[in-house]
Amino acid sequence: MTVAESSGAAAVAEFLRARREQLAQQWADLALFRAVYTSGRDIAVNAAHGLVDALTEVARDGRMDDVTVPALDQVRALLAQVIAARSQAGAGPLQVAGEVAELKRPVIAMVGRELADVNRGAALIAATDLMGTVRLVGMEISLSDEGAIVARQRQQLSEIATPVLKLWDRVVAVPLIGTLDSARTQVVMETLLEAIVDERATVAILDITGVPLVDTVVAQHLMKTALAVRLMGARCVVSGIRPQIAQTIVQLGIDLGDITTRATLADALEWALAQVGTSVGRA
Amino acid sequence: MTTAAVMSLPITSDLEIAGVRQAVREAAVAAGFSLVEQTKVVTAASELARNTLVHGGGGRLEITMLERPQGKGIRLRFRDEGPGIADVETALSDGYTTGHGLGLGLGGARRLVQEFAIDTGPGRGTTVTVTAWPRGARRV
Ligand SMILES: Nc1ncnc2c1ncn2[C@@H]1O[C@H](COP(=O)(O)OP(=O)(O)OP(=O)(O)O)[C@@H](O)[C@H]1O
Ligand SMILES: [Mg+2]
């Protein structure tokens with residue numbers, strides 16, 4: 001750790017301690033806390049206090065961008081509770097990831113506003129690293145929560161729209177649910193290609209966890225979509241290939257060629273982050 | 001072995017192919033197939049139903065539940081009155097297609113089930129009969 005890094009971390013630790021109340025108040029109004037602690041705002045504030053305190057410990061430790069530090073255990077435990085409650089309520093992992101990401105804005109805004117001294121630059125970097133780590137921990141939890149995946153499938157079975165989600169800077173994902181017929185594929189392809197342009201994405205994840213079967217037609221649709229993504233200069237990874245689907249693909253004799261595949265969305269995200277130059281430690 | 005015809009379904013549109021997949025999935029669940037076994041037989045049915053529609057011009061599926069001492073199974077018979085297939089061996093080979101497909105459906109379906117029979121000829125239409133058993137009920 002450089003001197004600037006450790007002074008930035010120390011400034012953030014001090015800031016979190018001093019601004020514990022204000023931050024907890026702001027977090028309590030965000031979707032993540034509001035949706036879980038519905039019985040009273042003070043309970044949400046209380047839970048937010050817990051998270052501020054846990055993050056203060058991480059900042060004291062000083063290693064802001066390392067997801068393996070023991071100081072994060074408490075953060076992980078608190079987030080796991082909130083995320084479990086969110087997924088039981090039917091929120092998918094990607095939605096929950098977005099809600100966790102919202103925790104960052106108030107922190108950065110307050111640090112930027114209030115630390116006017118020499119430490120400001122270093123503190124901003126440290127706070128950004130810390131909140132990035134929180135986001136990764138949140139994703140790790142919600143993606144590893146199997147119940148969440150099942151809940152997401154059930155919830156989206158009825159939805160016709162195909163959302164393209166921005167998972168990370170330059171990483172977009174489409175969770176495909178239900179049967180992939182030609183009409184559906186056309187819509188998916190169009191929205192995905194648009195999103196690649198809009199988000200300047202370099203990696204697109206096609207998640208087929210919610211696709212009940214891959215026959216020759218579905219496979220052709222996947223290959224066409226992957227080809228179109230490549231023609232846009234982005235890389236494509238297909239995730240959510242469950243064991244029964246893998247076996248069937250092999251017996252049908254389908255060759256997915258050079259399409260990158262991963263078993264889970266979490267694995268695909270890890271691959272995607274490596275492609276865009278962000279490395280992630282997995283717990 | 002006891003048998004009972006449970007149902008006959010039309011195959012004249014994509015929507016009905018989705019109905020075929022659903023019905024076969026339900027039959028496989030009723031016969032005690034594992035998730036992998038269900039997925040295999042449903043995928044085979046999806047391929048054969050599409051062939052019935054696309055190449056055979058439409059037809060029907062008849063689902064029969066089978067029962068023998070080792071366990072339950074399902075038989076699927078796809079029948080159409082289309083042009084028929086002149087050279088079955090070639091049609092079964094991987095990559096052979098007269099359309100725009102991958103040419104894997106027929107041969108792939110045969111690999112996904114335990115028994116496979118095809119009765120066809122130019123001008124005679126095509127009948128494909130497949131039988132699937134869960135692991136525990138396969139012949140010793
Ligand atoms: N019911 C049928 N009636 C007439 N011809 C058939 C029938 N089923 C299959 N065929 C012939 O056999 C060929 C191979 O069938 P197969 O299902 O393997 O490939 P495909 O349907 O062309 O492509 P896909 O890989 O998408 O299934 C077809 O192209 C067609 O010429
Ligand atoms: Mg076919």
Side-chain angles (χ1 to χ4, degrees), chain A residues 146-147 149-150 153-154 156-160 176-189 208-228 238 240-259 261 263-264, chain B residues 13-26 28-29 33-55 76 78 91-114 116 130 132 134-135:
Chain A
E146 287 215 65
I149 293 174
V150 174
Q153 280 174 21
R154 223 178 274 135
Q156 295 191 341
L157 262 179
S158 54
E159 288 174 10
I160 307 147
L176 297 169
I177 313 282
T179 306
L180 207 55
D181 58 22
S182 327
R184 200 59 212 299
T185 304
Q186 193 58 38
V187 175
V188 167
M189 194 144 43
I208 62 166
T209 308
V211 175
L213 111 185
V214 176
D215 61 11
T216 57
V217 166
V218 174
Q220 272 192 299
H221 289 326
L222 284 175
M223 289 189 260
K224 270 188 204 147
T225 308
L227 175 63
V238 176
I241 304 190
R242 290 159 297 146
Q244 64 271 29
I245 300 292
Q247 286 189 43
T248 312
I249 288 179
V250 170
Q251 280 194 322
L252 270 181
I254 294 169
D255 180 3
L256 287 179
D258 47 4
I259 297 179
T261 55
T264 68
Chain B
S13 67
D14 277 335
L15 200 64
E16 286 174 348
I17 292 180
V20 162
R21 282 194 291 261
Q22 178 88 23
V24 172
R25 168 91 58 188
E26 279 163 18
V29 170
F33 284 43
S34 72
L35 187 53
V36 172
E37 291 160 347
Q38 287 168 36
T39 308
K40 287 182 181 179
V41 69
V42 174
T43 305
S46 185
E47 292 300 338
L48 297 173
R50 195 172 300 106
N51 282 353
T52 299
L53 179 65
V54 174
H55 307 297
L76 309 174
F78 297 85
L92 275 166
S93 61
D94 284 353
Y96 175 81
T97 177
T98 54
H100 306 283
L102 296 172
L104 294 172
L106 204 55
R110 178 163 67 168
R111 286 188 289 270
L112 288 166
V113 296
Q114 280 66 59
F116 181 98
V130 300
R135 181 168 292 280

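In the text below, chain A, chain B and the rest are named by the order of the sequence lines, each starting its count at 1. Quick note: numbers below take in every heavy atom, side chains included, and nothing from hydrogens, waters or symmetry partners. Computed from a prediction, not measured in an experiment: that's the story for all the values here.
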**Prompt:** So what's closer than 4.5 Å to chain A heavy atoms on R50(B): side chain, backbone, both or neither?
**Reply:**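 Just the side chain, heavy atoms under 4.5 Å.
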**Message:** Report which part of A18(B) has an atom under 4.5 Å of a heavy atom belonging to chain A: side chain, backbone, both, or neither.
**Reply:** neither
**Asked** Which one of K40(B), R111(B), E47(B) satisfies the side chain to side chain contact (heavy atoms under 4.5 Å, CB included) criterion with L252(A)?
**Response** E47(B)
**Request:** Identify which part of V217(A) has an atom lying under 4.5 Å from any heavy atom of chain B, answering side chain, backbone, both or neither.
**Result:**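 Answer is both: backbone and side chain atoms of V217(A) are under 4.5 Å from chain B.
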**Message:** On a heavy-atom basis, which atom in T39(B) and which in P212(A) lie closest, and how many Å separate them?
**Reply:**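 Heavy atoms of T39(B) and P212(A) come nearest at CG2-O, 4.3 Å.
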**Message:** I need the minimum non-hydrogen distance between L104(B) and T216(A), along with the two atoms involved.
**Reply:** CB-CG2, 3.9 Å
**Request:** List the steps and the verdict of side-chain contact (heavy atoms from CB on, under 4.5 Å) for R242(A) and L35(B).
**Result:** CA-CA 11 Å; R242(A) 290 159 297 146; L35(B) 187 53; 5.7 Å; no
**Prompt:** Are any non-hydrogen side-chain atoms of R21(B) and D215(A) less than 4.5 angstrom apart?
**Reply:** yes
**Asked** Should L102(B) and M223(A) be marked as a side-chain contact (heavy atoms from CB on, under 4.5 Å) after you check the CA-CA gap, both sets of side-chain angles, and the distance that decides it?
**Response** CA-CA 11 Å; L102(B) 296 172; M223(A) 289 189 260; 4.2 Å; yes
